[in-house]
Amino acid sequence: MAAPRPQYGRTFGIFVILLAALAVWTWFPNTDHSPHLGLDLRGGTQVTLTPKPGSGTITDSQLQQAVDIIRQRVNGLGVAEADVTTQGSGANAAIVVSVPGVSEQGIAETLKQTAKLEFRPVLQEDVTGAVTDTKTAVADQGWQQATTAAALANAYKGIDCSKSANRQGGFVSKDNEYLVTCSRDGSLKYLLEPAFIQGTNVTNATAGIPQSGTAWQVDLTFDSAGAKKLSDASTQMYVKATPQNQFAIVLDGTVFSSPYFKEPILGGSAQITGSFTQQEATDLANVLKYGALPVTLDIAEITSLSPTLGNDQLNAGMLAGAIGLVIVLLYVLLYYRGLGLVAVASLATAAALLYMLVVVLGRQLGFTLTLAGVTGAIVAIGITADSFIVYFERIRDEIRDGRSLRAAVDAGWVRARRTILAADFVTGLAAAVLYFISVGSVRGFAFTLGLTTMIDIMVAFMFTRPLVGELAKSKFFSSGNKLSGVNPQSLGVVSAEGIGA
């Protein structure tokens with residue numbers, strides 16, 4: 001009993017549905033239908049950061065650690081193609097960050113944060129401008145050093161939270177000392193006790209909206225030591241009166257939030273709330289997730305970069321790609337004739353898939369297309385064309401061996417698919433290794449190369465193969481027309497008998 005023939009129509013129909021769904025995702029209801037271009041193609045922002053005066057001795061290892069953390073923070077926003085480099089060394093060093101398509105001030109503030117996170121019990125909390133007996137409050141907590149208590153009282157009384165310098169933070173406080181500071185919006189001033197949890201106890205930070213709420217927040221998860229400290233502190237504090245039942249979440253010396261304990265927290269998790277926007281919550285989560293900078297940085301310069309040079313290079317690259325594509329198309333049409341039209345249709349489909357995926361990935365994940373990525377796409381033209389050539393040659397070999405066209409299409413695919421999968425696996429593996437061991441624009445090349453490799457497999461299996469199978473049933477191809485590309489006489493077969501079904 002003969003084996004059933006493959007269901008070409010079903011496979012092709014599934015592919016068309018997937019293609020249509022991706023097209024809808026790309027064009028509707030969004031109005032942005034263009035790929036996100038990288039720094040070299042559309043310009044962007046270059047931020048120069050320098051160590052804050054008085055930071056002490058700065059080693060090369062600290063600078064490299066800062067570079068790694070900043071690169072992680074930027075990449076945490078997506079495949080952003082950021083370029084992070086250092087200039088100079090020691091206290092005279094500078095870290096230069098080039099990022100495409102972001103808010104100048106927004107990226108600068110995110111990058112410079114030292115991200116020293118502390119949880120501190122609230123001893124005193126007042127609306128800005130209020131005067132209270134802070135000296136007595138400090139003494140009640142066991143501080144017997146009158147001069148220190150007096151100094152704190154004077155500092156608390158005199159702090160002016162209307163001044164932006166007192167709201168921005170940016171200084172590194174000592175964990176075991178009391179702290180006088182302001183909320184980030186300047187509406188409240190605080191006297192805080194020594195910290196009971198450090199940022200190093202945070203194992204993860206994510207931004208999101210709780211199911212029962214509408215405001216963005218940052219969810220924190222603590223390690224075992226942090227969970228134990230949080231449990232002990234909450235057990236002691238939740239029974240106290242306001243504000244002693246509150247704890248301040250302090251980032252770089254500024255209070256981001258001061259929630260109170262309703263009950264002991266035993267699960268090792270907490271939330272930072274405070275009327276965040278989505279961007280503010282995401283930026284804060286990235287800063288906390290990727291760690292604290294080993295040095296305090298100041299913004300030395302913010303520069304907008306022009307894409308003029310990149311546009312010239314892009315035009316040259318696109319011209320080179322177009323010439324290469326035309327040569328490939330002319331070759332397959334002249335050599336494979338009718339089958340060459342299948343190759344043309346497959347290349348056009350692969351190009352449409354790549355464009356839509358680049359647009360969707362840019363919108364959803366922040367993927368940016370750079371000159372290196374364009375290079376990866378141009379290289380993929382040859383890889384995709386190679387898959388067609390392997391399959392077409394297998395079909396022609398089967399016809400030379402005396403098989404009918406429909407039998408040659410099936411047998412040739414069985415032999416060709418192993419070669420196609422092996423070649424694409426090697427290319428995909430090389431792209432993956434290059435992506436994970438490289439940085440900057442090289443990752444863009446690797447990502448695009450890997451993406452086009454997956455597209456090649458999808459098009460070969462779900463478009464080219466079913467299309468050839470259906471065309472083999474047509475009279476033009478099954479009769480062995482000289483323009484079909486599978487004419488037996490042209491392939492060296494003496495007789496065309498049996499070339500049909």
Side-chain angles (χ1 to χ4, degrees), residues 113 115-128 130 132 137 141 156 159 161 166-169 173 175 178-223 225-289 292:
Q113 288 185 12
K116 180 176 176 59
L117 177 68
E118 302 171 318
F119 282 26
R120 290 174 172 264
V122 175
L123 180 58
Q124 196 76 34
E125 176 192 68
D126 288 293
V127 176
T128 298
T132 57
Q141 295 297 312
Y156 186 73
I159 189 170
C161 292
N166 292 330
R167 301 194 306 269
Q168 292 177 352
S173 57
D175 306 333
Y178 282 60
L179 175 65
V180 174
T181 188
C182 300
S183 62
R184 61 175 180 158
D185 62 359
S187 62
L188 296 171
K189 62 179 181 179
Y190 294 89
L191 175 60
L192 306 176
E193 296 184 42
F196 64 91
I197 290 181
Q198 309 299 322
T200 52
N201 295 124
V202 177
T203 58
N204 194 24
T206 57
I209 301 177
Q211 293 181 352
S212 58
T214 58
W216 281 85
Q217 67 182 34
V218 177
D219 299 307
L220 302 177
T221 304
F222 297 86
D223 59 17
K228 177 65 166 57
K229 295 175 183 178
L230 184 63
S231 174
D232 293 343
S234 60
T235 300
Q236 296 174 9
M237 294 171 59
Y238 88 100
V239 295
K240 296 182 179 181
T242 302
Q244 278 77 35
N245 64 342
Q246 297 175 227
F247 66 96
I249 300 171
V250 184
L251 182 68
D252 290 345
T254 301
V255 176
F256 267 63
S257 181
S258 56
Y260 62 91
F261 288 114
K262 293 182 179 180
E263 57 187 10
I265 298 179
L266 308 177
S269 62
Q271 293 78 39
I272 301 179
T273 59
S275 301
F276 293 119
T277 64
Q278 178 181 358
Q279 189 62 50
E280 289 171 343
T282 301
D283 290 345
L284 177 58
N286 282 334
V287 168
L288 299 177
K289 181 178 180 180

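Side-chain contact between V127 and L188 is present, with heavy atoms from C-beta onward closer than 4.5 Å.
Within the 3.5 Å criterion, the main-chain N or O of F261 finds no donor-acceptor partner in the side chain of S234. The main-chain N or O of S231 is found under 3.5 Å from a side-chain atom of T235 such that the two form a donor-acceptor pair. Within the 3.5 Å criterion, the main-chain N or O of T221 finds a donor-acceptor partner in the side chain of T203.
Checked by atom type, the side-chain pair Y190/S258 shows a donor-acceptor distance below 3.5 Å.
Residue K228 holds its NZ atom at 11.0 Å from CG of L266, rounded to the nearest 0.5 Å. Atom CD of Q278 is separated from atom CH2 of W216 by 4.0 Å, given to the nearest 0.5 angstrom. In this structure, CD in Q124 is found 7.0 Å from CD in Q244, a value given to the nearest 0.5 Å. Rounded to the nearest 0.5 Å, atoms CD (E118) and CG (L192) are 9.0 Å apart. For the atom pair D223 CG and K229 NZ, the distance stands at 8.0 Å (nearest 0.5 Å). Going from atom CE of M237 over to atom OH of Y260 covers 13.0 Å, rounded to the nearest 0.5 Å.
Partners of Q217 by side-chain hydrogen bond (donor to acceptor under 3.5 Å, both in side chains), not counting sequence neighbours, listed by chain and number: D219. With sequence neighbours excluded, no residue satisfies side-chain contact (heavy atoms from CB on, under 4.5 Å) with S269. With sequence neighbours excluded, the residues forming a ring pair (Phe, Tyr, Trp, His ring centres under 6.0 Å) with F119 are F222, F247, listed by chain and number.
The one candidate from D126, V255, V180, T181 that meets the side-chain contact (heavy atoms from CB on, under 4.5 Å) condition with K189 is D126.
Contact record, P210 with A215: CD-O, 3.6 Å, taken as the closest heavy-atom pair. Scanning all heavy atoms of the two residues, the minimum distance from I159 to C182 falls at CD1-SG, 3.5 Å. The two residues A225 and N201 come nearest to each other via the heavy atoms CB-ND2, 4.1 Å. Across L220 and A205, no two heavy atoms sit closer than the pair CD2-CB, 3.7 Å. The nearest pair of heavy atoms linking V218 to A281 is CG2-O, 3.5 Å. Across every non-hydrogen atom of R120 and E193, the tightest pair is NH1-O, 2.8 Å.
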